[in-house]
*Asks:* 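My questions all concern the structure below.
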Amino acid sequence: MEVLKQVEEKWQKRWEKAKIFEANPDPSKPKFFITVAYPYPNSPQHIGHARTYTLADVYARYMRMRGYNVLLPMAFHYTGTPVLAMAKRLAEKDHELINDFVKVYKVPKEKLKELTDPLAMARYFHEEIREGMKKIGYSIDWRREFTTVDPQYSRFIEWQFHKLLQAGYIKRGSHPVGWCPTDGNPVGQHDTQGDVEPEIGEFTLIKFRFGEWVLPTATLRPETVFGVTNIWLNPKAKYAKVIVNGEKWIISRECVEKLTYQNRKVKVLENFEGEELIGKQAENPATNEKIYILPAEFVDPQNATGVVMSVPGHAPYDYVALENIKGEAAKLMRYGLTSDLLNSINAVSVIEVPHYSEIPASDVVKKMGIKNQTDPKLEDATKEVYRHEFHNGKMRNNTGKYAGLTVIEAKEKVKQDLIAAGKATTMYEILNRPVKCRCGTECVIKIFEDQWFIDYGKQEWKALAHKCLEKMRILPEELRAEYTYVIDWLHEKACARKSGLGTRLPWDKEWIIESLSDSTIYMAYYTIARHIKEYEIQPNQLTDEVFDYIFLGNGNAEAIAEKTGISSDVLKKMRQEFLYFYPLDSRHSAHELIPNHLTFMIFNHTAIFPENLWPRQIVTNGHVTMEGAKMSKSFGNIIPLREGLAKFGADPIRLSVLATAELLQDADFSPSVAKTMRDKLERLYELVAENTKDKKENGKEELTLIDRWMISRLQEHIKKATEAMEKLAVRKAIHTILFELDNDLQWYQKRVKTSEKAAKTRILREILKTQIQMLAPFAPHTCEELWEKMDGKGFVSLTIWPKADETKVDAKAEEGEMLIMNLLEDTLNIIKATRIKPRKVVYYTAASWKWKTYIKALEKSMEEKINQGDLIKELIKDPELKVKAKDIAEFTAKIVDEVNRMPQERKHKLVQIKFVDEKQTLKEAKEFLKNEINAEIIIHEEEDAKRYDPKNRAKAAKPCRPAIYIE
RNA sequence: GCAGGGGUUGCCGAGCCUGGUCAAAGGCGCAGGCUUCAGGAGCCUGUCGCGUAGGCGUUCGUGGGUUCAAAUCCCACCCCCUGCACCA
């Protein structure tokens, strides 16, 4: 481990000193520009964060070895709520968080107080994260680093927003959000107890008439208004008579406050018990029917208006509640409700659904065995009925002009018509309520007025985004559909808040641009960030004209230089550097950002930049789990990156987070995986050490079969690894480079152990060098060290990625080696089955006429399926074979099936190489076989007159399948 | 509901894209052997069933289908995981 640490530091220093990762424009070389979503510095990094960054770094290193001038920069996202919220929690002395920082991440306790200031927190973790990135060996050009609160960056964001505004993509309006009345803040998932996302739903309030009063029944299913049999109120709840925007409403007391948050003027006239209205009649505004107001305890006064219309035909709650009160009619006498009257109320069916009876609600209630209106199973019952009716339901004839429509259509239409006629309105409610804020208050919905939006709903903008997507490479390709979907579905996105760090909206300074909106085109800023620092360009010099010139080529450098005091040379340099590195070649992030950041990036690029500068590729990856479990504070299974690095080393960590999963899947980290990786690297060290001990290197020995086999296999592995890297299938690449190649290498070493040939040193060296090069993007520190040990020139990071040499692919050697492998396996199998302790193993290789026959059969079978008769007829045309007609008949009977079943590819190979010199092959492997089997090995040709063959086995020999005799 | 991922031999996990060389890599666990004073560790062998000759049988979520041939391709179904916004 100590050695590992030293090696890491040694190479990190050397890279830095040689500035090999600082990329400047170089017109003689193709460029490749890679960026990763910049981190929020609101806590230190853990192993999970390492995946995306390591992947991008591996890609950068690979592309560098493919000859590209690669730029990989990094910056820090101070904007918005993440930093703010964390600092706030710390200020509130959140125990969990403090424990986390101190115990898990080892933040010094005395630092904590300082970190309650958001900016101080961001600065602190910024340092921490940057150090981690250096220690894990990312090949980042640090000269371009910036933060999103740098005043120069703010100017860039202001420019961007001016562009969006000019293009007509910014608009203003209102929208509902989850809201904590105590805190006076919007609440998202991480602001709630148990991290519950408040689901916002729009209820239709249908205005049932009750004299001069309105009973606004809240429903998610307005189309069922035709099946209403009664109204439910909770007799034990408190209701209020109120004036809402000039209308007289009766609603639950809890609803009063909610309506005010939804921008309604509410005046309370009188409070009363729900009981008071039971037994009275109201009128359905859709049908003008008179119906009764009945009591139901399932009605929750805290949900929406607390007034519910009853549709027992299609709503399980209503169905059960109705059955319940019919059963206790006596209790209802005091409301003047007789048993006869109650019994006359029956479910009405207004929707037809396949596979259900007239009354779907009753079907489901009976199926689930629900007896009481307070049974929690009613939630599931409701969902089931709703699901089927929504997707498969049709409106019945008793629904007037809506008859025949699907439920999907009718739902919207009924709602719109009722609203248009003044018979309904809407209100928002939290569907999964109660959702509680961390402060303990139950959340409500607030409608925000005058909010600023970026209008991703614009059709012509969507068209541009689609166009950009079409031209982009998406990795993994499976997720392309996801982007298409998101582009279509995106609409107005609130782009500013009133709190947090960040850039103020240039035309309305109360608002601060939130973090998903100030991070969409910043990749362009990397191309000029180093100049801004180097020439100390001030924010006030960075006018919109400057950015127009650099990024869009508008205006005249000299004139702008005059106005801003930035020299025209510098302006031109920035313009050139931007044009050199743009467009962005590859964008990396975890795939949870597809529905927002990544798609926003596409949109914003198309809004601002010309088509040739739109991004070219997006790569996303899954998360990291910890021994199969989700990483989370509450599980206490988070390993901070710096701790991981200290414990396992940079290269093992890099390999671990990439080797266990392809892009789409979650990668599973565990200490044992990291250890395996370290062992693997250590073994490579040993192998290199052993191999370089012996300096003499003879270049002329003749290569044996096994040597040629190893070299041939190497070409295969190079090809496979390269193909995998092109698709960023890093797991496959690592498997090929580190495991499959290694397996072959081990076999090779086992095979040549007994041989004296000096060729093996040279071959081993060739293999190792290639392996080290291919491993270098993944384990750069180890590979630099090994490369140096092997007398490689310069940095391995700057060498050219190996290329498979087709001329070294040796089908004959591979067939020959396969023969040995299979023969060994067969022999061991026989030994196992017979439990013989072998003293002597005799092999008989197939006679040449068998080979001739075999190849002929293969050739013939490549065109069509062969049968024995035709095959024999053709074979005996050959006089040499004709004399053996009887043997041939016997032999062909054995091989016809096998030949017909053989894959085309293998047939090609065999036909191409004509025959394998089995006797020679076996001779070369004789020592090896002897060692493996631990018995004397004797090799004969099948028709060898002097052969030792007591059981007459020789004649069983087949090409590629020598006969075996063991005693 | 929509979209995506997944279900493989005791466990984890490759293979599936590009059908045959797949009883199916590798690791863990388990059993035996070697090494060690011992502990730890390392190395070797075995690990679906049957089998005294390289064989046979059964297996890759379930049920169908295509094919000479299916873990792999197609269809249907069941189960698990993830995302669906104003929250980064």
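Reminder, nothing fancy here: chain letters follow the sequence lines and each chain counts from 1.
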*Asks:* Using atom C1' of each nucleotide, how far apart are B:rG10 and B:rG20 to the nearest Å?
*Replies:* 29 Å
*Asks:* Sticking with atom C1', work out how far B:rA24 lies from B:rC60, rounded to a whole angstrom.
*Replies:* 8 Å
*Asks:* Within the structure shown, what part of the strands sits under 4.0 Å from A:Pro962 by heavy-atom distance: base, sugar-phosphate, or nothing?
*Replies:* base
*Asks:* Where each residue is assigned the nucleotide of RNA chain B containing its nearest heavy atom, which of A:Tyr485 and A:Cys495 is assigned the position nearer the 5′ end?
*Replies:* A:Tyr485
*Asks:* For nucleotides B:rC80 and B:rU58, find the distance between their C1' atoms and express it as a whole number of Å.
*Replies:* 27 Å
*Asks:* Between A:Asn621 and A:His588, is there a side-chain donor-acceptor contact under 3.5 Å, judged purely by atom types and distance?
*Replies:* no
*Asks:* Do the charged groups of A:Lys680 and A:Asp742 touch, with an N to O distance under 4.0 Å?
*Replies:* yes
*Asks:* Ring centres of A:His175 and A:Phe453 under 6.0 Å apart?
*Replies:* yes
*Asks:* Counting any heavy atom closer than 4.0 Å, what does A:Ile594 reach on the DNA or RNA strands: base, sugar-phosphate only, or nothing?
*Replies:* nothing
*Asks:* Write down the distance between CG (A:Asp488) and P (B:rC84), rounded to a whole number of angstrom.
*Replies:* 18 Å
*Asks:* Both distances under 3.5 Å, Watson-Crick or G-U wobble: report the partner of B:rA71, or none.
*Replies:* none
*Asks:* Nearest whole Å is fine: how far is B:rG1 C1' from A:Leu220 CG?
*Replies:* 14 Å
*Asks:* Taking only side-chain nitrogens and oxygens of A:Arg961, does any of them come within less than 4.0 Å of OP1 or OP2 of B:rA53?
*Replies:* no
*Asks:* Whole angstrom is fine here: how far is it from CG in A:Asp450 over to P in B:rC86?
*Replies:* 20 Å
*Asks:* Can you tell me how far C1' in B:rU66 sits from the matching atom in B:rA76, rounded to whole Å?
*Replies:* 15 Å
*Asks:* When you compare B:rC2 with B:rU9, how far apart are their C1' atoms, in angstrom units rounded to a whole number?
*Replies:* 36 Å
*Asks:* Is the positively charged end of A:Lys840 above the ring of A:Tyr948, judged by distance under 6.0 angstrom from the centroid and angle within 45° of the axis?
*Replies:* yes
*Asks:* Within this structure, what is the CZ-to-C1' distance between A:Phe739 and B:rG27, rounded to whole angstrom?
*Replies:* 9 Å
*Asks:* Is there a donor N/O on one and an acceptor N/O on the other, under 3.5 Å, for the side chain of A:Asp826 and the base of B:rG54?
*Replies:* yes
*Asks:* Of all the nucleotides listed (B:rG4, B:rG54, B:rC84), which has the minimum atom distance to the side chain of A:Leu823?
*Replies:* B:rG54
*Asks:* Of the candidate nucleotides B:rU52, B:rG4, B:rU47, which contains the atom at the shortest distance from the side chain of A:Lys832?
*Replies:* B:rU47
*Asks:* Whole angstroms only, please: what is the NZ-P distance between A:Lys680 and B:rG27?
*Replies:* 8 Å
*Asks:* Name the nucleic acid region contacted by A:Lys951, choosing base, sugar-phosphate or nothing; use a 4.0 angstrom heavy-atom cut-off, strictly under.
*Replies:* nothing
*Asks:* Nearest to the side chain of A:Ala963 - B:rC86, B:rG4, B:rG54?
*Replies:* B:rG54
*Asks:* Tell me which nucleotide, if any, is Watson-Crick or G-U wobble paired with B:rC2 when both distances must be under 3.5 Å.
*Replies:* B:rG83
*Asks:* Measure from CG on A:Leu745 to P on B:rA25 and round the result to the nearest Å.
*Replies:* 21 Å
*Asks:* By the 4.0 Å heavy-atom rule, please label A:Leu490 as base, sugar-phosphate, or nothing.
*Replies:* base
*Asks:* How many whole angstroms separate atom CD of A:Glu592 from atom P of B:rC84?
*Replies:* 9 Å
*Asks:* Hey, can you tell me if A:Phe76 and A:His126 have their rings parallel, tilted or perpendicular (30° and 60° cut-offs)?
*Replies:* parallel
*Asks:* Quick one: are the ring centres of A:Tyr522 and A:Tyr38 less than 6.0 Å apart?
*Replies:* yes
*Asks:* Go ahead and name the base partner of B:rC28; Watson-Crick or wobble counts if both distances stay under 3.5 Å, otherwise write none.
*Replies:* B:rG10
*Asks:* If B:rC50 has a Watson-Crick or G-U wobble mate with both distances under 3.5 Å, name it; if not, just say none.
*Replies:* B:rG55
*Asks:* Write down the partner of B:rA76 under the Watson-Crick or G-U wobble criteria, each distance required to be under 3.5 Å.
*Replies:* B:rU62
*Asks:* Assuming nearest nucleotide by heavy-atom distance, tell me which of A:Asn743 and A:Leu516 is located more 5' along RNA chain B.
*Replies:* A:Asn743
*Asks:* Taking only residues two or more places apart in sequence or in another chain, which ones pass side chain to side chain contact (heavy atoms under 4.5 Å, CB included) with A:Ser712?
*Replies:* A:Val809, A:Asp810, A:Glu814
*Asks:* For A:Glu662 and A:Lys727: C-alpha separation, side-chain torsions, deciding distance, then whether salt bridge (Lys or Arg N to Asp or Glu O under 4.0 Å) applies.
*Replies:* CA-CA 10 Å; A:Glu662 289 306 359; A:Lys727 288 189 285 190; over 6 Å; no
*Asks:* Using the P atom as the reference point in each nucleotide, state the distance between B:rU62 and B:rU8 in Å, no decimals.
*Replies:* 10 Å
*Asks:* Verify salt bridge (Lys or Arg N to Asp or Glu O under 4.0 Å) between A:Lys675 and A:Asp679, making sure each step is shown before the conclusion.
*Replies:* CA-CA 6 Å; A:Lys675 198 177 158 294; A:Asp679 290 350; 3.3 Å; yes
*Asks:* Set out, line by line, the N/O atom pairs under 3.5 Å between protein and nucleotides 11-18 of chain B.
*Replies:*
from   : atom 1 : to       : atom 2 : distance (Å)
B:rA14 : OP1    : A:Arg731 : NH1    : 2.2
B:rG15 : OP1    : A:Arg731 : NH2    : 3.4
B:rG15 : OP2    : A:Arg731 : NH2    : 3.3
B:rC17 : N4     : A:Lys732 : NZ     : 3.1

*Asks:* What is the nucleic acid contact for A:Glu514, judged by heavy atoms within less than 4.0 Å: base, sugar-phosphate only, or nothing?
*Replies:* sugar-phosphate
*Asks:* Among B:rA53, B:rG83, B:rU21, which nucleotide has an atom closest to any side-chain atom of A:Pro595?
*Replies:* B:rG83
*Asks:* With a 3.5 angstrom cut-off on both distances, give the Watson-Crick or G-U wobble partner of B:rU36, or none if there isn't one.
*Replies:* none
*Asks:* Tell me: CG of A:Asn822 to P of B:rG55, nearest whole Å?
*Replies:* 10 Å
*Asks:* With C1' as the reference atom in both, quote the distance from B:rG55 to B:rA23 in angstrom, rounded to an integer.
*Replies:* 14 Å
*Asks:* Choose from B:rG54, B:rA53, B:rC86 the nucleotide whose nearest atom is closest to any side-chain atom of A:Ala956.
*Replies:* B:rG54
*Asks:* Over 60° means perpendicular and under 30° means parallel, so classify the ring planes of A:His49 and A:His46, tilted if in between.
*Replies:* tilted
*Asks:* Applying a 4.0 Å non-hydrogen cut-off, can you work out what A:Tyr965 is touching in the nucleic acid: base, sugar-phosphate, or nothing?
*Replies:* base
*Asks:* What distance, rounded to whole Å, do you find between the two C1' atoms, one in B:rG6 and one in B:rG13?
*Replies:* 13 Å
